[in-house]
Amino acid sequence: MNATSAVPKPAPSPAPAKLGLGLLVALVVGSIIGSGIFGLPQNMASGAGAGAILIGWTVTGVGMLLLVRVYQMLSLRKPELDNGVYAYARALSGEYVGFNSAWGYWVSAWIGNVGYLVAAFGALGYFFPIFGNGNSPAAILGASVVLWGIHFMVLRGIQGAAVLNAVVTAAKIVPLLLFIVLVALAFQIDTFRLDFWGDAQLGSVLDQVKSTMLVTVWVFIGIEGASVYSARAKKREDVGRATVIGFLICLLLLMSVSLLSLGVFNQPTLAGLKNPSMAGVLESAVGTWGAVLIYVGLIVSVGGGFLAWMLLAAESLFTPAGGGVMPKWLAQPNRQGVPANALWLTNGMVQLFLVLTLFSEASYLALISLSTAMILVPYLFSAAYGLSLAWRGEGARAARQRSDTPIAALATLYCVWLLYAAGFKYLLLSALLYAPGVLLYAWAKRQRKERVFTVWEWAILAGLVALAGVAATMLATGKLGL
């Protein structure tokens with residue numbers, strides 16, 4: 001099913017909030033720069049030496065740039081498609097695949113928000129020990145208050161929330177820039193060169209590079225933020241521009257933080273730091289006040305990232321519901337044009353999993369790895385759809401087919417590589433979370449009085465259920481876990 005004309009348009013909100021280029025860029029940067037960058041030095045060094053980390057950043061930088069170019073190309077070739085993560089998958093392979101792309105993106109978003117809140121209160125634990133590592137009863141209570149406080153603020157209007165996100169995004173970049181300048185002054189080239197390719201315990205260079213992939217992809221999740229909000233953009237061409245500008249800003253920040261830290265501490269020392277490891281690095285460079293700066297920066301940054309992802313998560317349900325692949329009630333906005341029912345469901349799941357962290361031993365890194373694995377499939381469908389359009393010369397930019405085709409092909413290969421690098425464990429766990437979505441999809445199809453599955457879609461469902469069954473069995477027997 002390739003006919004994009006078959007994609008129904010979502011019901012328009014009564015008071016749509018239109019976002020300009022600046023707010024779209026802030027949405028991209030705000031959704032990318034959250035908690036991940038603050039633990040980046042330790043997360044990267046835990047499985048790789050400086051040489052492999054450098055290769056990992058090169059692969060990720062080029063791969064993500066290709067994916068960014070695909071989203072930019074799709075926004076121009078198919079400007080009529082709103083919420084690209086969902087619409088591109090649907091246009092490529094039908095309604096159930098489109099639903100799964102939106103579902104996976106949504107699950108990834110709220111799991112990531114659980115991780116954000118745990119990280120924020122873990123940082124507050126530096127100042128107030130009652131919060132512990134972010135999963136104590138006091139921390140969960142505090143996180144719940146923050147969750148619902150922001151929830152009711154967003155219900156008052158998307159435009160106001162987007163403006164606040166822009167302000168917070170600007171504020172959280174300040175400590176990152178200070179870190180980069182101060183650590184650059186303390187950088188020692190001999191430390192950076194020490195065990196450049198890692199010791200034998202880290203494995204081969206390929207294994208080390210693979211170990212960096214989920215971390216680097218996690219910190220880049222959000223590059224599609226402007227595409228998800230394309231229906232609310234003042235100018236359609238701003239969607240692609242915001243994606244490229246946001247990506248380049250974040251690439252410079254992320255690579256600088258990761259690589260400069262290797263000139264202050266060697267790989268084993270960095271790997272042993274407590275997170276947020278940026279605090280330990282800056283404390284070594286300038287003293288205790290450096291650690292305080294990073295902890296404050298983390299709290300501000302996570303607040304902004306949490307807000308951005310709350311907006312993206314709700315929108316990722318709202319548009320597909322308007323297109324008929326999710327229940328109608330998720331497409332109902334409030335008087336301010338906010339996807340209120342989608343927001344309630346999203347934050348209800350965040351609250352549930354916050355409570356579950358009291359009883360779970362799952363680490364923050366495990367949460368972000370699972371969140372990352374969930375989003376790889378939507379990325380792959382977007383890249384594959386871009387390749388399909390470019391190959392056929394379809395869309396408003398058909399004249400640029402020659403340059404678009406190799407870019408989309410390489411982006412697709414990069415997404416396949418990411419699935420391989422993620423490993424079988426997280427793909428199984430992802431299937432366990434993808435499979436239950438069929439209940440919402442079947443509900444939506446029954447509301448429309450349509451046949452639920454085609455033959456092709458039955459085959460996809462059977463594969464998902466089989467993988468989910470394997471995952472559930474392995475979890476029950478202790479052979480698989482977070």
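In this structure, the separation between CG on Leu76 and CG on Leu389 is 12.0 Å, given to the nearest 0.5 Å. If you take CE on Met310 and CG on Leu147, they are separated by 5.5 Å, rounding to the nearest 0.5 Å. Annotation: the span from Leu248 atom CG to Leu253 atom CG amounts to 11.0 Å, rounded to 0.5 Å. In this structure, CG in Leu67 is found 8.5 Å from CG in Leu418, a value given to the nearest 0.5 Å. Here the straight-line distance linking atom CZ of Phe306 with atom OG of Ser301 works out to 13.5 Å at 0.5 Å rounding. In this structure, Leu251 CG and Ile32 CD1 are separated by 9.5 Å, a value rounded to the nearest 0.5 Å.
Although no hydrogens or angles enter the test, the distance criterion places a donor-acceptor pair under 3.5 Å between the side chain of Tyr434 and the main chain of Met374. At distances below 3.5 Å, not a single donor-acceptor pair connects side-chain atoms of Arg90 with backbone N or O atoms of Val325. Judged purely by atom type and a 3.5 angstrom limit, Thr319 has no side-chain atom pairing as donor or acceptor with the backbone of Ser316. Between the Thr346 side chain and the Ala342 main chain, a donor and an acceptor come within less than 3.5 Å of each other. Remark: side-chain polar atoms of Ser144 are paired, donor with acceptor, to backbone N or O of Ile140 under 3.5 angstrom.
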request  = Step by step, work out the side chain to side chain contact (heavy atoms under 4.5 Å, CB included) result for Val470 and Leu428.
outcome  = CA-CA 8 Å; Val470 172; Leu428 278 178; 4.1 Å; yes

ask   = side chain to side chain contact (heavy atoms under 4.5 Å, CB included) between Leu40 and Val215: does it pass, once the steps are laid out?
value = CA-CA 8 Å; Leu40 196 57; Val215 177; 3.7 Å; yes

request  = For side chain to side chain contact (heavy atoms under 4.5 Å, CB included), just list the numbers for Ile299 and Leu124, CA-CA rounded to whole Å, side-chain angles, deciding distance to a tenth of an Å, and then say yes or no.
outcome  = CA-CA 7 Å; Ile299 293 166; Leu124 281 171; 3.4 Å; yes

inquiry  = Run the ring pair (Phe, Tyr, Trp, His ring centres under 6.0 Å) test on Trp110 and Phe353 for me, step by step, so that the C-alpha distance in whole Å, both residues' side-chain angles and the decisive distance to 0.1 Å come before the verdict.
reply    = CA-CA 9 Å; Trp110 63 254; Phe353 269 64; 4.8 Å; yes

request  = Apply side chain to side chain contact (heavy atoms under 4.5 Å, CB included) to Val29 and Cys250, showing your working.
outcome  = CA-CA 7 Å; Val29 176; Cys250 294; 4.1 Å; yes

query = Should Glu95 and Arg448 be marked as a salt bridge (Lys or Arg N to Asp or Glu O under 4.0 Å) after you check the CA-CA gap, both sets of side-chain angles, and the distance that decides it?
reply = CA-CA 13 Å; Glu95 289 191 342; Arg448 296 170 65 188; 3.5 Å; yes

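No close placement of the Tyr414 and Trp417 rings is indicated, their centers lying 6.0 Å or farther apart. No close placement of the Trp329 and Phe318 rings is indicated, their centers lying 6.0 Å or farther apart.
Nearest heavy atoms, Gly61 versus Phe247: O-CZ, 3.5 Å. Between Asn334 and Leu155, the closest heavy-atom pair is ND2-O, 2.9 Å. In plain terms, the two heavy atoms of Ala408 and Val70 that are nearest each other are CA-CG2, 3.8 Å. Closest approach of Ala171 to Val300, counting heavy atoms only: CB-CG1, 4.3 Å. Here the shortest heavy-atom pairing between Leu298 and Ala119 reads CD2-O, 4.1 Å. Of all heavy-atom pairs spanning Tyr86 and Ala102, the tightest one is CB-CB, 3.8 Å.
In this view, Trp344 and Trp148, His151, Phe152 satisfy the ring pair (Phe, Tyr, Trp, His ring centres under 6.0 Å) rule, not counting sequence neighbours. Not a single ring pair (Phe, Tyr, Trp, His ring centres under 6.0 Å) links Trp456 to another residue, sequence neighbours left out. When the side chain to side chain donor-acceptor pair (under 3.5 Å) test is applied to Ser430, no partner is found at least two apart in sequence or on another chain.
Tested against Tyr105, the residues Trp309, Tyr379, Tyr88, Phe381 include a single ring pair (Phe, Tyr, Trp, His ring centres under 6.0 Å) partner, Trp309.
Residues Trp57 and Ser258 bring a donor and an acceptor atom of their side chains to less than 3.5 Å of each other. Using modelled atom types, one finds a donor on one side chain and an acceptor on the other under 3.5 Å when comparing Ser382 with Tyr71.
Counting heavy atoms from C-beta outward, Ile173 and Ile33 have side chains that stay 4.5 Å or more apart. Put simply, the side chain of Asn341 reaches to within 4.5 Å of the side chain of Gln332, judged on heavy atoms. Residues Thr216 and Met44 are in side-chain contact: their nearest non-hydrogen atoms beyond the backbone lie under 4.5 Å apart. A heavy-atom distance below 4.5 Å is not found between the side chains of Glu457 and Val452. Cys415 is not listed as a side-chain neighbour of Leu376, based on a closest heavy-atom distance of 4.5 Å or more. Residues Trp443 and Met326 form no side-chain contact, since every pair of their non-hydrogen atoms from C-beta on lies 4.5 Å or further apart. Side-chain contact between Val355 and Gln351: present, with at least one pair of heavy atoms (C-beta onward) separated by less than 4.5 Å. When side chains are defined from C-beta on, Phe453 does not count as touching Lys445, because their heavy atoms never get closer than 4.5 Å.
Ring planes of Tyr96 and Phe99: parallel class, angle under 30° (limits at 30 and 60°).
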